[in-house]
Amino acid sequence: MERYNFKIIEAKWQKFWEKNEVFKTQLNKKKKKFYCLEMFPYPSGKIHMGHVRNYTIGDVLSRFKSLKGFNVLHPMGWDSFGMPAENAAKENKQDPKIWTENNIETMKNQLKQLGLSIDWNREISTCSEEYYKHQQKFFIEMFNKGLVYKKENYVNWDPVDQTVLANEQVIDGKGWRSGAVVERKKLSQWFFKISEFADELQNELDNLDEWPNKVKVMQQNWIGKSFGCEIDFDIVGDDKVKKIKCFTTRPDTLFGFSFLAISVDHPLSEFYRNDPNFIDFREKCSKSGTTEESIANAEKIGFKTNLLAINPLDKTLKVPVYFANFVLMDYGFGAVFGCPGHDQRDFDFAKKYKLEIKTVVKPLNEKDDFKVTNEAYPGPGVIINSKFLNGFNAPDESVIETIKILEEKKIGKKKINFRLKDWGVSRQRYWGCPIPIIYDENGSYKTVPEEQLPIKLPQNINLNTKGNPLSNTEEWRKIKVDGKTYYRETDTLDTFVDSSWYYLRFCSPKNKEEPFDNEEVKYWMPVDQYIGGVEHAILHLLYSRFFMRAISYQNNEFKLKEPFKGLFTQGMVCHETYKDQENNWRSPDEVTTKDGKNYFLKSDNSNKIFVGSSESMSKSKRNTIDPEKIINLYGADAVRFFILSDSPPEKDVQWSEQGMLSSYKFIQKLFVLNEKIKELNNQKKTVSSNELSKFINQYLNKIEKNLSNFHYNVIIANIYEAHSFLSQITKKNENYSNLITEYSKFLISILPVVPHLSSECLDKLKISTIDWPNVDEKFLIEENINIVVQFNGKKRGILSTKKDILEEDLVKEILKSKNFAKFLKENTIKKRFYVKNRLINFLI
RNA sequence: GCCCUCGUGGUGAAAUUGGUAGACACAAAGGACUUAAAAUCCUUGCCCUUUUGGGAGUGCCAGUUCGAGUCUGGCCGAGGGCACCA
């Protein structure tokens, strides 16, 4: 019997698919489209197991939809601008472009080895001029629409990467890539006005019903919509200051007002800039760290001014005004009114500076003389000690009532505030998309005239300079427009801009004039299924949602808002970690075991290895498995099969050598089964097997359901079961007249998972029409069924009987059966419950 | 501190959404084949009983129900997100 040689057969089919352009996609309005997209990779050098999992999941879906008759768009590209190329270039004195292109070449070959159904005709790379020239046009378009602006402000400065980071890119006070503690620095920066769409971005999350709830909640928190009001406080004590504006969500606690706090960056700080005590104070504020603990434990400190704020609801009450370290300038108006009784921060502050703590809300279950003592009470209740507000339910009624009063008195008005801030896109980097802006000698700026586009990155420049390499290229910086000399902007765009619209480019990747073709986009968009890691839950997905809105803003042609109809976030690939006696991380390749308990170093078996917890594969912990090695060892189908088998795709999966090996063996078994059936097929046909048709149809019914719900691990179990059934039935050595028909349905059903093997087997059996098989409903009906028999809710046995048996007949049958008689004894049946064709429960 | 998610064998996990808990796989133990090993195949899996059989059992405690892994309330534990957002 022939053995399955995956090396030859996988290469054969990959060549076949490529030569026949099987995955080439074209607009076809007669067919229903399906756009399946996985997050495109950064070309860092080689693919890793995370890619294998991500792209296998997408490929299973694409191939399934294709078999179901959809016109499937399944493209791939490269998120190829970014820091690693620049760093590698510095180290190896190699052009980032060449480094990137080499990596793309390698990774593309690796992806091809996986047998993915990708339309490589649509390949794009964000660092190519063909791509980023359109991005520059977008920038200008957005600039003209007022969605881009320049502003000097404090930025998150990454001292290692020497660049600015967006708020979203700072994690626990550290740079998301470098891990360096982020510093505050004042810089002039370009911003995208994402806040323009804050409300919409928040509201329309509700309509994304094919997104994981987790991601929607994360975005919701990030956008951070809050309802409240702004209040103007009259100020006395200095003629130069008349009013201070505050934002609050709890205006109803105004009678608990005992101080007003403003940020050290508040415009009023101007009046104190020469005051040495204030300078001292500001210094102290900036020193408090940005780490998790330091913020949580940071002491509330203040600097008392000579100003007093008047309570707008009772003008006789005046309270001091402080600069305080816990007030942020970039939220609200950089000023808050302090109500120590019902806000913990205000409480801490009041304790420290011995300010009055008034109780104006009492919890529902407390007496009327309730007093805040050890901590603030921010919860719901009833307003007290507040004159005309007394008795209102807080916060629902009381907030609305207070806003009404404030609006009537023209002291304040309803206001909705967002946590979301505009997206700073300037990066002091070489390897990114140049920003199409020019400055004249006076520093005033304008967008680059259309005919001067695109702005290409200069080549062969020195990257080993301090700061931004582009600012050191005198020649490149100068540009003549209408005979006048201008200087180019030297910052480049955040690479998240590149990935904010690539899904549109895939619709018409070859269009030279336009970033995309409207006809194509109308047909293909939105992406029906987007698949990627949950780490992009906020950054990339929010930016993309913004970008679609920015394009459709003031645009009659383009009306789409949500880029991704369905989102699926897959889990990570994990592996055990190993450390040797010297506490060094060791890779799985270096480690061996004989009994599964004691591990040793392969090269030195006196060196005991300590097995650590299983963690997501990472270079730093050296617990990675190289996909290319595994593919060479076991073949692409086996790897695809294994990566889907053990855990649901949304959860982390554990890499296991044993599991991988058994998947490989199973692939062989499937081939052996195919050989056996091929043999049987040469025999004389016998009658058809009802049992076979029944099994296959029920199997198809299950697998289709599981394919549609991403229950890919269950599919693998279904395939094992089907194989086991088919092996049993072929042992009878009968060429049933329905054998090939039914078996071929099985072969087609496994094509999305193991495309090479399936194609080969189908080919060997000379089956050429390959469509997803329809389930024949008549085989789903069981004539005989098992009914669970319970007495007092306890299972006492199973009764095999005819389907749709009448309840009375069933009861008769049970009562005359010896097996059940003993449970009855002399008891009488008080009541019974019958679930048709499933279960009967007697109460005795 | 606030928000979200999840707790099922030695392990990864299934379970028609309230109706046979543990499908399928990994690991383990025992057995068959073999001179032997590898490979392959079969069996077992908590407690009591020689077996037939019976009991307990889905983090813990209650509740709803004829019936709860699934629903409700409380507690415990793990993971993730946010971080002085007024």
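Below, chain A is the first sequence line, B the second, and so on; all start at residue 1. Keep in mind that what you see is a predicted model, and the values were worked out from it rather than measured.
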Can you find a side chain N or O atom of Y720(A) that sits less than 4.0 Å from OP1 or OP2 on A25(B)?
-> no
Using the P atom on both, measure A62(B) against G57(B) and round to a whole Å.
-> 12 Å
Quote, to the nearest angstrom, the C1' distance that separates C24(B) from C75(B).
-> 35 Å
Take atom NE2 of H536(A) and atom P of G80(B), then tell me their distance rounded to the nearest Å.
-> 18 Å
Applying side-chain hydrogen bond (donor to acceptor under 3.5 Å, both in side chains) between D348(A) and each of Q344(A), K351(A), K352(A), report the one that passes.
-> Q344(A)
Is G9(B) in the syn or the anti form, by the rule that syn lies within 90° of 0?
-> syn
Give the rounded distance in Å between these two atoms: CZ of F347(A) and P of G1(B).
-> 17 Å
Side chain of F326(A) only, please: which of A86(B), A14(B), C84(B) is the nearest?
-> C84(B)
When the distance from CD1 of I223(A) to P of C3(B) is rounded to whole Å, what number comes out?
-> 19 Å
Among the nucleotides A86(B), A14(B), G19(B), whichever has the atom closest to the side chain of V835(A) is G19(B)
Any side-chain N or O of Q790(A) under 4.0 Å from OP1/OP2 of G67(B)?
-> no
Which of these nucleotides, G12(B), C82(B), G19(B), is closest to any side-chain atom of R838(A)?
-> G19(B)
Hey, what do you get for CD1 (I716(A)) to CD1 (I750(A)), rounding to the nearest 0.5 Å?
-> 9.5 Å
Would you indicate what L843(A) reaches in the nucleic acid, counting non-hydrogen atoms under 4.0 angstrom: base, sugar-phosphate, or nothing?
-> sugar-phosphate
Given the P atoms of G10(B) and A23(B), what is the spacing between them in whole Å?
-> 14 Å
Assert yes or no for the condition that the ring centre distance of F257(A) to F255(A) is strictly below 6.0 Å.
-> no
Just how far is it from atom CG of N697(A) to atom CD1 of I781(A), taken to the nearest 0.5 Å?
-> 11.0 Å
Quickly work out the Q654(A) CD to C24(B) C1' distance and round it to whole Å.
-> 18 Å
Please give the nucleotide sitting opposite G1(B) as a Watson-Crick or G-U wobble pair, both distances under 3.5 Å, or none.
-> C82(B)
Closest listed nucleotide, where the reference is the side chain of N841(A) and the choices are G67(B), A86(B), G81(B) | G67(B)
Using the side-chain contact (heavy atoms from CB on, under 4.5 Å) rule, pick out the option among V361(A), L389(A), I383(A) that qualifies with S398(A).
-> I383(A)
Of the listed A83(B), U20(B), G12(B), the closest approach to the K795(A) side chain comes from U20(B)
Going by a 90° cut-off around 0, is U43(B) syn or anti?
-> anti
Rounded to whole Å, the CG-P distance (L539(A) to C82(B)) equals 9 Å
Taking OP1 and OP2 of C66(B), is either one under 4.0 Å from a side-chain nitrogen or oxygen of K794(A)?
-> no
Check the distance between A14(B)'s P and N713(A)'s CG and give it to me in whole angstrom.
-> 5 Å
If you check the E721(A) side chain, which of C24(B), U5(B), U20(B) turns out closest?
-> C24(B)
Any chance the rings of F259(A) and Y353(A) have centres within less than 6.0 Å?
-> no
State whether S645(A) places a side-chain N or O below 4.0 Å from either non-bridging phosphate oxygen (OP1 or OP2) of A25(B).
-> no
What does S662(A) touch in the nucleic acid at a heavy-atom separation under 4.0 angstrom: a base, only the sugar-phosphate, or nothing?
-> sugar-phosphate
Quick one: label Q220(A) by what it contacts on the DNA or RNA (base, sugar-phosphate, nothing), any heavy atom closer than 4.0 Å.
-> nothing
side-chain N/O R796(A) vs G55(B) OP1/OP2, d < 4.0 Å | yes
Span that lies between the C1' atom of G45(B) and that of C60(B), in whole angstrom | 26 Å
Classify the nucleic acid contact of K705(A) as base, sugar-phosphate or nothing, counting any heavy atom under 4.0 Å across all strands shown.
-> nothing
A78(B) and G31(B): how far apart are their C1' atoms, nearest whole angstrom?
-> 40 Å
Could you tell me how the ring of F641(A) sits relative to the ring of Y720(A): parallel (under 30°), tilted (30 to 60°) or perpendicular (over 60°)?
-> perpendicular
Roughly, in whole Å, what's the span from CZ in F666(A) to P in A39(B)?
-> 19 Å
Nearest-nucleotide check on RNA chain B, N213(A) vs R250(A); residue mapping nearer the 5' end is N213(A)
Name the pairing partner of G73(B), where a pair is Watson-Crick or G-U wobble with both distances under 3.5 Å, or state none.
-> C61(B)
Of F746(A), F725(A), F779(A), which meets ring-ring contact (aromatic ring centres under 6.0 Å, His included) against F695(A)?
-> F725(A)
Quick one: label K665(A) by what it contacts on the DNA or RNA (base, sugar-phosphate, nothing), any heavy atom closer than 4.0 Å.
-> sugar-phosphate
Check every strand shown and say whether V653(A) touches a base, only sugar-phosphate, or nothing at a heavy-atom separation below 4.0 Å.
-> nothing
Between A23(B) (P) and I719(A) (CD1): distance, integer Å = 19 Å
Residue whose nearest RNA chain B nucleotide is more 5′ - A717(A) or K669(A) = A717(A)
For A37(B) versus G22(B), give the span between their P atoms, rounded off to a whole number of Å.
-> 35 Å
Rounded P spacing from G59(B) to G69(B) in Å = 10 Å
Determine the interatomic distance between P on G79(B) and the same-named atom on G67(B); round to the nearest Å.
-> 37 Å
